[in-house]
Colleague: 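Got a structure for you, written out below as structure tokens; questions coming shortly.
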Amino acid sequence: MIHLLYSVIFSEMALILLLLFKTPLRKLIILTFDKIKRGRGPVVVKTIGTTVFVVLLSSVYSLVNIQRRSEDGAVLNPTDQVLASKHLLEASLMGFVLFLSLMIDRLHHYIRELRLLRKTMETAKKQNRGFEDGKTTSGEEVKALGEEIVALKTKIKTLESESESKGKELKGAKGETEALRKQADGFLLEYDRLLEDNQNLRNQLESIGHSPDGKKST
């Protein structure tokens, strides 16, 4: 049994070394432990661990009984001394086996958590890059919109200036039109006056007996 325990201890130490360093075998070992921890694997491992722990307690109990006999004043014979040494060695080895098993389980757990954390960080980095790219694109679009707005403002100012100039021209044209209208009204008044004078002259000529062409009537 002691040889078996030594073999298990060295195997566990080799597993720990393989888990500590990143080698092609570590991935295979991790996948193997992942499969073991599924289904009935945990039950089998707990059963083996419980069995080893019970044997450990049995060895400790036997060692304690031998120690009690020596404390009672009895002289230990060579057989008891050999048994005590054997039980002590077996208990130590089984305790070391359980300790290394716990270490392997924790290493596997932390390595798996580290892998998940790395995947999460990579996903977060990719999302952050996508967000930054989208932000850059949005910044370019905002810049383009700003330039377009500036161009539109310049165009609006030009149109306002042209409208103001056209307004002044229209105002001047209205003034000229008003002046021409007043002048035309004056001409009409003068024309009416001339017609009236002409009619008065005709009336005077008719009253003195002259025709409009300057001859006397018979």
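In what follows, residues are counted from 1 in the order of the sequence shown.
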Colleague: Counting C-beta onward and ignoring hydrogens, is there a side-chain heavy-atom pair between M13 and L100 closer than 4.5 Å?
Modeller: yes
Colleague: Check whether I30 and Y110 end up in the same hydrophobic cluster, where Ile, Leu, Val, Met, Phe, Trp and Tyr are linked by side-chain heavy atoms less than 4.5 Å apart.
Modeller: no
Colleague: State yes or no: do L88 and F53 share one hydrophobic cluster built from I, L, V, M, F, W and Y residues joined by side-chain heavy-atom distances below 4.5 Å, directly or via other members?
Modeller: no
Colleague: Crowded around E148 CD? As in, over 12 foreign heavy atoms under 6.0 Å?
Modeller: no
Colleague: Let me check something: do I16 and V52 share a hydrophobic cluster, defined by ILVMFWY side-chain heavy atoms less than 4.5 Å apart, either directly or through other members?
Modeller: yes
Colleague: What's the separation between atom CG in L28 and atom CG in L18, rounded to the nearest 0.5 Å?
Modeller: 10.0 Å
Colleague: If you round to the nearest 0.5 Å, how far is CG of L19 from CD1 of I104?
Modeller: 7.0 Å
Colleague: To the nearest 0.5 Å, what is the distance between OG1 on T51 and CG on L56?
Modeller: 12.0 Å
Colleague: Can you tell me if T158 uses its side chain to pair, donor with acceptor, with the backbone of T154 under 3.5 Å?
Modeller: yes
Colleague: Using the rule that Ile, Leu, Val, Met, Phe, Trp and Tyr join whenever any side-chain heavy atoms are under 4.5 Å apart, tell me whether I156 and I149 fall into a single cluster.
Modeller: no
Colleague: Just wondering, do V8 and E12 contact through their side chains at under 4.5 Å, heavy atoms?
Modeller: yes
Colleague: L107 versus F33: any side-chain heavy-atom pair under 4.5 Å?
Modeller: no
Colleague: Quick check: does any side chain N or O of N198 sit under 3.5 Å from a backbone N or O of L194, one acting as donor and the other as acceptor?
Modeller: no
Colleague: Which heavy atom in V60 sits nearest to a heavy atom in A91, and how many Å separate them?
Modeller: CG2-CB, 4.0 Å
Colleague: Using 0.5 Å steps for rounding, measure from the OG atom of S101 to the CD1 atom of I9.
Modeller: 9.5 Å
Colleague: For the pair R118 and R115, evaluate side chain to side chain contact (heavy atoms under 4.5 Å, CB included) and give the outcome as yes or no after the intermediate values.
Modeller: CA-CA 5 Å; R118 285 178 179 174; R115 289 174 62 188; 5.7 Å; no
Colleague: Under 3.5 Å, is there a donor-acceptor pair between the side chain of S161 and the main chain of K157?
Modeller: no
Colleague: Looking only at heavy atoms, what is the nearest atom pair of I111 and R26, with distance?
Modeller: CD1-CD, 4.4 Å
Colleague: With rounding to the nearest 0.5 Å, note down the distance linking NE2 in H87 to CE in M94.
Modeller: 9.5 Å
Colleague: With side chains defined as the heavy atoms from C-beta onward, is the minimum distance between Q204 and L201 less than 4.5 Å?
Modeller: yes
Colleague: Are L89 and V54 linked, directly or through intermediate hydrophobic residues, by side-chain heavy-atom contacts shorter than 4.5 Å (ILVMFWY only)?
Modeller: no
Colleague: Starting at CG of L15, measure out to NE2 of H108 and round the result to the nearest 0.5 Å.
Modeller: 11.5 Å
Colleague: When you compare the side chain of E196 with that of D192, does any pair of heavy atoms fall below 4.5 Å?
Modeller: no
